[in-house]
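Take a look at the structure below.
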Amino acid sequence: MEKIYLYNTLAHKKEEFIPIKEGKLGMYCCGPTVYNYQHIGNLRTYIFEDLLKRMFLYNGYKVNHIVNITDVGHLTSDEDEGEDKMEVGASREGKTVWELAEYYTDIFIKDTIRLNILQPDKWTKATDHIPEQIGLIKCLEAKGFTYITSDGVYFDTSKINNYGELAQLDISGLKPGHRIELSEEKKNITDFSLWKFSPKDKKRQMEWESTWGTGFPGWHIECSAMAMKYLGNHFDVHCGGIDHIPGHHTNEIAQSEACTGEKFVNYWLHGAFLEEESGKMSKSKGEFLTVQALVDKGYDPLDYRYMCLGTNYGKRLLFSWENLDAAKSAYTRLKNRVIEFKKQTAEHIESTETPNHKETIEGYKQQFNEAVNDDLNISSGLAVLWDVVKNELLPAKSRLELLYDFDNVLGLGLKEVEEKKEDNIPEEIMKLVEERTAAKKAKDFKRADEIRAKIKEMGYEIVDKKDGVEVKKSS
RNA sequence: GGCGACGUACCCAAGUGGCUUAAGGGAGAGGUCUGCAAAACCUCGAUUCAUCGGUUCGAAUCCGAUCGUCGCCUCCA
């Protein structure tokens, strides 16, 4: 098995990946809070995680992949003033919180499918795991890591000695109240809530009974509870967005390890943001791009996926229409070549491969494998792919096989690529096409070109081929 | 205020001490081929890696300073 190197946030450097159990690994990825659409920046992280998973599969690992869906609201801060995004979203849209969660979960999962993201072994919902979360809090309470304030049960971060290791937090430098008021009752600025009490004057749509009182779980506890339920107290890979490092993941480590006394996760991987000229794409800014918005503008969701392949997951990526167009052009060219190779392969059934080719093929595979195993260096992998595409010395069949092989990691759906069918071309267009063919035969090229222009105006494109004319919808 | 990341051609981007006189993609220019167009193919595109200084036989790659961009320290992928 080839070696795999990954940048581990916990170690603050690139490390060789060694699984806990040979040949397989557990992987937990933080999913979305489903109070709104996921924008393409959010989705970038899931594309990264998909590449990571596919890379492991490509190397022959068996992957147990868990992604959570946070369908319970959390306050926007640990204090009482914050709003619950789920409850706010529900009243905004005239839905119950449960309906809201279902609606956005559904769209999120469909978007991941459109982006050719392999589905996890299990989607785990926070609300389906309330007893597990309460159990974990009880464990922490029994071991003396908690205290109770007027608004909830808190984790005392001063009770553990390596708090903030993941983020290299300089706690003395943290500036509480920089943007939000600090609760008087919190013992340390880094303490966080495990369980929140429901407000006394208001009935929440989502609340549960617990030994501490009616309320709802804190934001971090769900991931610890679900990850450990499905992957065990100690597992291999945990990933999410880069924004989770200082808060969410730091707290997950603290509470998980405090309860079990074991190391929680070996490798922490984080995806960087998609940014716009004005900074990162974020929901709180109001305007944001969804997969559907790209489709409405005539892009294939995989055009966006291809764009994400261009740069390493750990580096921020600047979104611009120019970039997306560049990705679309490159991806379209790639698909065209695949179609060509398919045709050539079908025409020449007999293999023209020589032992020489075999060596070349193995060389390409090796190069590609090394690239993707080096902390997902996909752009180097793409360079290998283009080498293959352009290597005229290799038979089409071999090139196609290599592209399919690489696509196991890239996920560009190359096997499914097909020439656009002449799907229901209107009769009047077909008539014009025939007219043009006749004009061409009569060498009346002026007339032929006029008809081509006319057809184009009507939204169709004609391409002359050796054995006839092809008509397709303009894209 | 603290912590951190980044700055490679018109755009995206790999490379992090000698294999590289800096991959790959997009855009552009010129050409081949088809009546034209499309597709495809070929050729040309950074003596240079934000700037300045240092270390070294050797630096885009290491060190320091400066400038610039961005993120985190609320919720966020």
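To find a chain, count down the sequence lines: A is the first, B the second, and so on, and within it residues start at 1. Values below: every heavy atom of this structure, side chains too, minus hydrogens, waters and symmetry copies.
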What integer distance in Å separates [X]:[atom1] from [N]:[atom2]?
X	N	atom1	atom2	value
A/Asn336	B/rG25	CG	C1'	15 Å
A/Ile245	B/rC3	CD1	P	17 Å
A/Trp321	B/rG26	CH2	P	20 Å
A/His270	B/rG4	NE2	P	17 Å
A/Gln344	B/rA40	CD	P	13 Å
A/His39	B/rA77	NE2	C1'	7 Å
A/Asn251	B/rU74	CG	P	11 Å
A/Glu370	B/rG15	CD	P	13 Å

> Who does B/rU61 pair with, Watson-Crick or G-U, both distances under 3.5 Å?
Replying inline: none
> Who does B/rC67 pair with, Watson-Crick or G-U, both distances under 3.5 Å?
Replying inline: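 Because both required distances fall under 3.5 Å, B/rC67 counts as paired with B/rG7.
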Sugar-phosphate, base or nothing in reach of [X], heavy atoms under 4.0 Å:
X	answer
A/Gly310	sugar-phosphate
A/Ala371	nothing
A/Arg337	sugar-phosphate
A/Arg436	base
A/Ala326	sugar-phosphate
A/Asp449	base
A/Tyr46	sugar-phosphate
A/His244	sugar-phosphate
A/Arg44	nothing
A/Asp325	nothing
A/Asn377	sugar-phosphate

Is there, by distance only and without an angle test, a donor paired with an acceptor across the side chain of [X] and the base of [N] below 3.5 Å?
X	N	result
A/Arg452	B/rC36	yes
A/Thr45	B/rA77	yes
A/Asp464	B/rC36	yes

Does the side chain of [X] get closer than 4.0 angstrom to OP1 or OP2 of [N] through an N or O atom?
X	N	answer
A/Asn323	B/rC12	no
A/Ser329	B/rA27	yes
A/Arg333	B/rG25	no

From [options], nucleotide with atom closest to [X] side chain:
X	options	result
A/Trp386	B/rG25, B/rC76, B/rC70	B/rG25
A/Arg316	B/rG25, B/rC11, B/rC6	B/rC6
A/Glu340	B/rC36, B/rA40, B/rC72	B/rA40
A/Thr33	B/rC70, B/rC76, B/rG24	B/rC76
A/Lys440	B/rA5, B/rA39, B/rG35	B/rG35

>> Taking the side chain as everything from C-beta on, heavy atoms only, tell me whether A/Cys239 gets closer than 4.5 Å to A/His270.
In response: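 A/Cys239 does not reach A/His270 side chain to side chain.
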[atom1]-based separation of [M] from [N] [nearest Å]:
N	M	atom1	value
B/rG24	B/rA37	P	28 Å
B/rC11	B/rU56	C1'	35 Å
B/rA38	B/rG4	C1'	49 Å
B/rG53	B/rG1	P	30 Å
B/rG15	B/rC75	P	33 Å
B/rA22	B/rA46	P	9 Å
B/rC6	B/rA50	P	13 Å

> Quick one: does A/Lys328's side chain have a donor or acceptor within less than 3.5 Å of a partner on A/Tyr304's backbone?
Replying inline: no
Are [X] and [Y] close enough that their ring centers fall under 6.0 Å?
X	Y	answer
A/Trp268	A/Tyr7	no
A/Phe56	A/Phe17	yes
A/His129	A/Tyr230	yes
A/His238	A/His249	yes

> Using the ring of each side chain (for Trp, its six-membered ring), is A/Tyr58 parallel, tilted or perpendicular to A/Phe368, with breaks at 30° and 60°?
Replying inline: perpendicular
> So, A/Asp191 and A/Asn188: side-chain donor and acceptor under 3.5 Å apart, yes or no?
Replying inline: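 A donor-acceptor contact under 3.5 Å links the two side chains.
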> Do you know the tightest heavy-atom contact between A/Glu222 and A/Asn68?
Replying inline: OE2-ND2, 3.1 Å
>> Should A/Phe445 be counted as stacked on B/rG35, where stacking needs a ring-centre gap under 5.5 Å and an angle between planes under 30 degrees?
In response: yes
>> Tell me if B/rG15 is syn or anti. Syn = glycosidic torsion within 90° of 0, anti otherwise.
In response: anti
> Taking for each residue the nucleotide of RNA chain B with the nearest heavy atom, is it A/Lys315 or A/Lys390 whose nucleotide lies nearer the 5' end?
Replying inline: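 With A/Lys315 and A/Lys390 compared, the 5'-side residue is A/Lys315.
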>> Assuming nearest nucleotide by heavy-atom distance, tell me which of A/Lys14 and A/Val389 is located more 5' along RNA chain B.
In response: A/Lys14
